[in-house]
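In what follows, every chain begins at residue 1, and chains take the letters A, B, ... in the order their sequences are listed.
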Amino acid sequence: MSRIGIDVGGTNTDAVLLEDGKVLAAVKSPTTADVADGVRQALADLLAAAAGLPAAERIEAVMIGTTHFTNAVIERRHLDRVAALRVGLPANAGLPPFIGWPKDLAGVMRGSTHMLRGGHEYDGRILVPLDRAAVRSEAHRIADSGITAMAITSVFSPLTDECEREAAEVVREVMPDVRITLSHEIGRIGMLERENAALLNAGLQGLAQRTTAAFRRALRDSGIAAPLYLTQNDGTIVQGAVAERHPVYCFASGPTNSMRGAAFLSGLSDALVVDVGGTTSDVGCLKGGFPRQANATVEIGGVRTLFRMPDLISIGLGGGTEVGEGGRRIGPGSVGFRLPEKALCFGGDTLTATDIAVAAGRLALGDPRRVRALPAALVRDSLARMERMVAEVVDRMKTDAAPMPLIAVGGGSFLVPDHMEGISEVVRIEHHAVANAVGAAIAQVSGEVDRIFSGVERETALDRASREATRRAIEAGAEASSVQTLDVEDIPIAYLPGNARRIRVRVIGEIRRLTTQSSSGRPCSPGPR
Amino acid sequence: MSRLIDADELDLLSIGAWILGTGGGGSPYASHLVARQFYEDGGRIALLDPDELADDDLVAVVSTMGAPLVFQERMTDAAFALKPVRMMEAYLGRRFRAVMTVEIGGCNAFQPLLVAAASGLPVVDADAMGRAYPEAQMQTFSIAGLQMVPHVVSDIRDNDVIIPSASGWREMERVRRKLCTEYGSVATTCQAPRTGAEVKRHAVLRSLSQAIALGREVRRARTAHEDPVLATVAAAHGKRLFTGKVMDVQRRTTEGFLRGSLSLSGLDADAGARFEIKFQNEFTIGHRDGAVIVTTPDLICVLDSISGEAIGTESLRYGQRVTVIALPSQPIHRTEEGLRHVGPRAFGHDIDFRSVFEEHPA
């Protein structure tokens, strides 16, 4: 079984061909303004590199990780206006949709807001009945305004999605073609954060459809018939059709892919990972082969969400980092992707971290003669300073006193010292510069449940949650026999009777092998409904 | 003197109140957003020094009660906060002069601000706990032996109840807890009205200002890239007790509370040591290597070691790097009567209270 993994980063588009756990070919090409062009080029380079390999004929899946959707939010570009329909009055009247958003982003995305009666209690009881007539009249107003994207959020919908579904049905009677995001499909308990995620999702769906269509065209143009998957921020993938509906799950998949790729290439499942790129270094922690997730709320472009994100610490240190003041100032500026024209060792005029490494003999790149004139003390001191920066950020991420291995990946990983306190071994691996594309290629599918259970024993509740999560993973394309539990968390709820507890279960599994392409062109069910 | 709270102080109050929540009290995030929105729309809220109250002024004492997890879906807002206050006024046939919170710790720090936003009433710079505690009888007005009724418990759907009489604070607490559960585990309250004289004599005075000052210090330290945990300790005259990583969190629901324990393994100066904290919604008692070293009413706070952000008992997670600090309790909580209400025995720990702030423990 062979797979292609592609990482579309801000600077480079990396691609790898993987068969039976081995990297057969790896290429890097510049990311282009139209991301599909870069993908097309990467595929052409990759297939050329793999020419003659039987693996190239047996490609079963193409996995793409992209920062495109995150960047759209951060840059406030390519976003659609969204109508926010909230079900839950009389509760939460004082906190309308888009509250707490940065003004510029709200200015771009806020189409209209609508708050209606309805919603549920923590135990599934009805808060107040859904006001269907109001849904209908608001839908007419939205239709008249010309808005085509909509997010529906109901109180306690992660427990019971009835109100969101019913409201969507009524809306579709009025606006059959509107794109609707239901909050329970993409968020958990935490109404405002879930609504924020649903609004972002609704505003990104248009871009996501155009992007996946372009990716599919790039695959077709390259003669690849395998299905397209997109990677998500938890190290798992979804089919292109699901990603189109839930683009927010693709946020921040780059660092996750890089960490997963590092785990795969090194064979380590519990380790720290430092990914040194051109501009920044990201440090994360692998547990069981997956990135440890952040506990806190995550802000995307200034909007508060509860996404599953890897716990990362970033510092401004990379191969392109500018070194100034005779080696005393490291960064924060970086020449980034202009390294080949700006760095001294390439004949440029800027002293960079790369030049220091070349001068120190740690790296062979460009023309070493061009950095020979650098004073030895400057080289020694600035290198020591950069190594200290890496050591400090690695130590901050460490949550165990026992020494742990550190996997160093990325184009700038020559800045990582070989010995650090608290680090048992610095692991360097082949193909480290394309670890992110490898991570995309090995991504798995997941299923998650996050819900309050009441009136049943803990064991029964955990069992039900696991089975529901497994069902979702299989729906999302997992091979049933490979599904295993990744994460279980349960919190009894203060004051609530009936042994009530919130349970979150996440399972993962290998992608189901595709024996035949179904005639509909959609070999698996499109995911959780 | 009465003055307007400025917009920046809302952010600072949010930081300070969450620290004073001692793990409980619910995140102030949503209430803070409501107040901030009110300010962005041009509204302003007046803060009244307790000394400005006339002895016979009537003060509304308000709160949101329930399960913090439910607060994440059903948030308090200004109209819901005001509702029980208006019901109390109708019941009494009198208007309130001002409004104050039951507890400064957690989301309730903002509850009187929400009432103020909806009514124009000034907020008294005081509370009745100086922190967060889980039950009604743990407030200073109860310790002082004041009347516990009438007490209004409001539901968002108007199934409101006025408790006109009760045989005691604990009994009233049990009754209103059942109401709250029926309402979906979130209710707003207007508790027994207090006179200006009672507030000045028995409340924890100027606690909003202190919470704001605490928040200001934490933010200053963060901006200056200083250690915000040490800044908190210095600003609140507290003590750093332990720095470590969360190794285990056990939680269970018994008798309607979130009870459990937190186990830490030491880092830096505390490497090799263990620290365990028990909680009932709020943190109640801390052991270092098996020996009790801190108990309620000393405030036990768990902060993120890097950001200085407070961490609630419902959001503790394996692997977090945290620092445990203690802040001094209110003098009334250290009296014999105070300890009967909020000392270790009130939380089921059969030991005597000994403050970490005593210079030479007996």
With a 4.5 angstrom heavy-atom cut-off, could you sort out which part of [X] is near chain A: side chain, backbone, both or neither?
{"X": "Ala118(B)", "answer": "neither"}
{"X": "Ser305(B)", "answer": "neither"}
{"X": "Glu40(B)", "answer": "side chain"}

Under 3.5 Å, is there a donor-acceptor pair between the Thr64(B) and Gln111(B) side chains?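 Short answer, yes.
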Pro158(A), Pro96(A), Ser157(A), Gly94(A): which one forms the most heavy-atom pairs within less than 4.5 Å of chain B?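 When all of Pro158(A), Pro96(A), Ser157(A), Gly94(A) are compared, Gly94(A) has the most.
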Closest-packed option against chain B by number of heavy-atom pairs under 4.5 Å, given Ala93(A), Gly88(A), Pro90(A):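 With the most close heavy-atom pairs to chain B, the winner is Pro90(A).
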Among Thr76(B), Val34(B), Ile311(B), Leu33(B), which has the most heavy-atom pairs under 4.5 Å with chain A?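 Option with the top pair count is Leu33(B).
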Does any backbone or side-chain atom of [X] lie under 4.5 Å from a heavy atom of chain B? Answer side chain, backbone, both or neither.
{"X": "Ser154(A)", "result": "backbone"}
{"X": "Arg194(A)", "result": "side chain"}
{"X": "Leu127(A)", "result": "both"}

To the closest 0.5 Å, what do you measure between NE2 (His32(B)) and CG (Leu10(B))?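 His32(B) atom NE2 to Leu10(B) atom CG measures 5.5 Å (nearest 0.5 Å).
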For Ala136(B) and Glu173(B), work out which heavy atoms get closest and say how close.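 Taking Ala136(B) first and Glu173(B) second, the nearest heavy atoms are N-OE1, 2.9 Å.
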Relative to [Y], does [X] satisfy both conditions: NZ or CZ under 6.0 angstrom from the six-membered ring centre, and within 45 degrees of the ring's axis?
{"X": "Arg304(A)", "Y": "Tyr29(B)", "answer": "yes"}
{"X": "Arg36(B)", "Y": "Phe38(B)", "answer": "no"}
{"X": "Arg110(A)", "Y": "Phe98(A)", "answer": "yes"}

With side-chain contact (heavy atoms from CB on, under 4.5 Å) as the test, pick out the partner of Thr296(B) among Lys278(B), Glu282(B), Arg131(B).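 Per the side-chain contact (heavy atoms from CB on, under 4.5 Å) rule, the option paired with Thr296(B) is Arg131(B), out of Lys278(B), Glu282(B), Arg131(B).
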